[in-house]
There are 2 protein chains.
Amino acid sequence: MTTGIPESCCTLDIAGQDQARLVEMFKAIGNPHRFEVMKFLVTHPGCITGDIVALLPLAQSTVSQHLKVLRQAGWIEGEVEGPATSYCLHEENIAWFSAKVGEIF
Amino acid sequence: MTTGIPESCCTLDIAGQDQARLVEMFKAIGNPHRFEVMKFLVTHPGCITGDIVALLPLAQSTVSQHLKVLRQAGWIEGEVEGPATSYCLHEENIAWFSAKVGEIF
DNA sequence: CAATTTCATCGTATTTTTACGATAAAGGAA
DNA sequence: TTCCTTTATCGTAAAAATACGATGAAATTG
């Protein structure tokens with residue numbers, strides 16, 4: 001017996017905490033500047049805030065804010081190294097994101 | 001010869017129009033209400049605006065606005081049917097999204 | 001035709017996001 | 001210690017997103 005619902009291109013079979021976490025990741029990466037930061041980190045892992053400030057046409061404080069959004073959403077992680085902070089992609093969370101998107105889309 | 005850059009969990013190998021389009025899709029789906037609409041459409045393809053209004057704790061005009069955002073980002077398509085509008089997932093665009101995310105993450 | 005249903009759009013208020021300059025904290029260099 | 005570098009945070013202004021009620025257009029109903 002079938003449901004009568006035609007097959008869909010995706011299931012979107014997700015809910016609760018997982019859904020909220022995924023939506024927050026979507027929101028964080030759904031900004032052109034922040035997406036650029038992510039791209040940059042692929043080829044410049046461990047770079048410091050100043051490198052990212054140089055990349056973007058934005059003030060240092062604004063970049064710092066964008067980095068905070070990416071960090072809180074789980075896309076990146078920052079490590080204090082002396083007076084600087086070095087950033088890397090958060091590989092574990094990105095893998096989670098990739099897997100979830102693969103499951104539901 | 002290698003680049004000296006350690007392997008990454010993703011390539012994010014995308015640019016230009018494709019990147020802009022993808023970021024806009026991320027942004028549109030990065031909202032809890034809009035994500036719920038997408039989930040609903042999986043199981044209720046062809047439903048009308050009023051069905052979605054009934055789903056969300058929002059005014060009709062607000063829901064209409066969210067539907068517009070999803071439509072403009074390419075997530076859904078609406079078809080006027082008499083006085084109503086019926087909505088479906090935009091399968092082609094969703095397939096594009098899924099493929100792109102799969103490529104770069 | 002008149003009344004009703006459905007929904008997109010308009011005008012507007014509120015909230016959130018984005019952006020900047022200034023400041024302060026923390027570490028390294030002189 | 002005294003500077004200098006680096007960067008997060010604070011305060012605030014501007015822009016964008018979100019939300020609502022009211023209105024009007026379009027199609028169906030009576």
Side-chain angles (χ1 to χ4, degrees), chain A residues 19-41 44-90, chain B residues 19-41 44-90:
Chain A
Q19 178 177 323
R21 183 178 168 197
L22 187 65
V23 169
E24 188 178 339
M25 290 189 82
F26 279 140
K27 182 177 180 179
I29 210 172
N31 171 282
H33 294 315
R34 289 195 289 263
F35 193 88
E36 284 296 334
V37 170
M38 292 293 294
K39 281 177 66 174
F40 187 72
L41 285 178
H44 300 78
C47 73
I48 66 174
T49 306
D51 299 327
I52 301 173
V53 171
L55 172 75
L56 299 175
L58 297 172
Q60 178 267 322
S61 56
T62 304
V63 173
S64 193
Q65 212 166 0
H66 281 305
L67 291 172
K68 187 177 183 179
V69 172
L70 285 174
R71 194 161 13 91
Q72 289 182 335
W75 283 109
I76 65 175
E77 47 191 344
E79 187 183 356
V80 175
E81 287 185 351
T85 306
S86 94
Y87 285 96
C88 285
L89 297 177
H90 196 308
Chain B
Q19 178 177 323
R21 185 179 166 197
L22 187 64
V23 169
E24 189 178 338
M25 290 189 82
F26 280 139
K27 182 177 179 180
I29 211 171
N31 170 282
H33 295 315
R34 289 195 290 264
F35 194 88
E36 284 297 335
V37 171
M38 292 294 292
K39 281 177 67 173
F40 186 73
L41 285 178
H44 300 78
C47 73
I48 67 176
T49 306
D51 299 327
I52 301 173
V53 171
L55 172 75
L56 300 175
L58 297 171
Q60 179 267 321
S61 57
T62 304
V63 173
S64 193
Q65 211 165 1
H66 280 305
L67 291 171
K68 187 177 183 178
V69 172
L70 285 174
R71 196 162 12 89
Q72 289 182 335
W75 283 109
I76 66 176
E77 47 191 344
E79 187 182 356
V80 175
E81 286 186 350
T85 306
S86 96
Y87 285 95
C88 286
L89 296 177
H90 196 308

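In what follows, chains carry the letters A, B, and so on, assigned in the order in which the sequence lines appear, proteins first and then strands, with residues in each chain numbered from 1.
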Need the bend value for the helix from C:dC1-D:dG30 to C:dA30-D:dT1: angle between end axes, 5 pairs each end, nearest 10°.
10°
Do any side-chain nitrogens or oxygens of B:Lys68 fall under 4.0 Å of OP1 or OP2 in C:dT9?
yes
In the structure I gave you, are the side-chain heavy atoms of B:Asp51 and B:Tyr87 within less than 4.5 Å of one another anywhere?
no
Atom-pair distance (CD on A:Glu24; C1' on C:dT17), nearest Å:
14 Å
Rounded distance [0.5 Å steps], CG in B:Leu70 versus CG in B:Leu89
9.5 Å
In whole angstroms, the gap separating P of D:dA8 from CG of A:Leu70 amounts to 12 Å
Here the distance between atom P of C:dA25 and atom CD of A:Glu81, to the nearest Å, is 23 Å
Give every pair of a protein N or O atom and an N or O atom of nucleotides 16-18 of chain D that lie under 3.5 Å apart, one pair per line with the distance.
| residue | atom | partner | partner atom | Å |
| --- | --- | --- | --- | --- |
| D:dA17 | OP1 | B:Lys27 | NZ | 2.5 |
| D:dT18 | OP1 | B:Asn31 | ND2 | 3.1 |
| D:dT18 | OP2 | B:Arg34 | NH1 | 3.0 |
| D:dT18 | OP2 | B:Arg34 | NH2 | 3.4 |

Are there any protein N/O atoms within less than 3.5 Å of an N/O atom in nucleotides 1-7 of chain C, and if so, which ones and at what distance?
| residue | atom | partner | partner atom | Å |
| --- | --- | --- | --- | --- |
| C:dC7 | OP1 | B:Thr49 | N | 3.0 |
| C:dC7 | OP1 | B:Thr85 | N | 3.4 |
| C:dC7 | OP2 | B:Gly50 | N | 2.8 |

Between CD1 on residue A:Ile52 and CG on residue A:Leu67, distance to nearest 0.5 Å:
4.5 Å
One should read off an interatomic distance between A:Leu58 CG and A:Ser64 OG, to the nearest 0.5 angstrom, of 12.0 Å
Taking atom OG1 of B:Thr49 and atom CD of B:Gln60, what is their separation to the nearest 0.5 Å?
7.5 Å
Do B:Met38 and B:Ile76 come close enough that some side-chain heavy atom pair is under 4.5 Å?
yes
Quick check on side-chain contact (heavy atoms from CB on, under 4.5 Å): which of B:Asn31, B:Leu41, B:Leu56 does B:Glu36 satisfy it with?
B:Leu56
Between A:Gln72 and A:Glu24, is there a side-chain donor-acceptor contact under 3.5 Å, judged purely by atom types and distance?
no
Derivation and outcome, side chain to side chain contact (heavy atoms under 4.5 Å, CB included), residues B:Val37 and B:His66:
CA-CA 9 Å; B:Val37 171; B:His66 280 305; 5.6 Å; no
Which value, rounded to the nearest 0.5 Å, describes the distance between A:Arg34 atom CZ and B:Lys27 atom NZ?
9.5 Å
